[in-house]
Amino acid sequence: MKEQKVSKDKRYEDRHKEERKAKCMIWGTSVERPLGEEINEFLKLTGFTKVELIKAGYQTLVEKSSKNK
């Protein structure tokens with residue numbers, strides 16, 4: 001039964017691949033382990049998501065760069 005579910009999930013993923021690619025972007029990146037562990041601990045303690053972290057960091061850098069012009 002599990003094999004049938006995996007097969008069904010795979011077909012669903014294949015059918016919706018382009019839709020997901022148009023909607024979202026995945027960045028394959030890495031950080032040094034100590035920094036990554038520190039960030040993960042912060043996120044765990046505060047309840048923020050990685051997406052919220054990226055958005056807040058991006059917004060901060062946009063504001064910072066506009067002040068430097």
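Predicted model only: the values in this text are computed from it and were never measured. Along the sequence shown, residues are numbered consecutively beginning with 1.
Panel note: side chain Glu52, backbone Thr49; a donor-acceptor pair is recorded below 3.5 Å.
In terms of hydrophobic clustering, with Ile, Leu, Val, Met, Phe, Trp and Tyr side chains grouped at heavy-atom distances under 4.5 Å, Ile54 and Ile39 are assigned to different clusters. Each of Val51 and Phe42 belongs to its own hydrophobic cluster when Ile, Leu, Val, Met, Phe, Trp and Tyr are linked at side-chain heavy-atom distances under 4.5 angstrom.
At least one side-chain heavy atom of Trp27 sits under 4.5 Å from a side-chain heavy atom of Met25. Two residues are said to be in side-chain contact when any heavy atoms from C-beta on lie closer than 4.5 Å; Tyr12 and His16 meet this criterion. Using a 4.5 Å heavy-atom threshold, the side chains of Phe48 and Leu53 count as separate.
Other residues, nucleotides and ligands contribute more than 12 heavy atoms inside 6.0 Å of the CG atom of Leu45. Within 6.0 Å of CD in Glu63 there are more than 12 heavy atoms belonging to other residues, nucleotides or ligands.
For the side chain to side chain donor-acceptor pair (under 3.5 Å) test with Asp14, the passing option among Lys10, Arg11, Lys17 is Lys10; the others fail. Between Tyr58 and the options Val62, Thr60, Leu61, a side-chain contact (heavy atoms from CB on, under 4.5 Å) holds for only Val62.
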### Message
Run the side-chain contact (heavy atoms from CB on, under 4.5 Å) test on Lys21 and Glu18 for me, step by step, so that the C-alpha distance in whole Å, both residues' side-chain angles and the decisive distance to 0.1 Å come before the verdict.
### Response
CA-CA 5 Å; Lys21 283 176 67 175; Glu18 293 304 316; 4.1 Å; yes

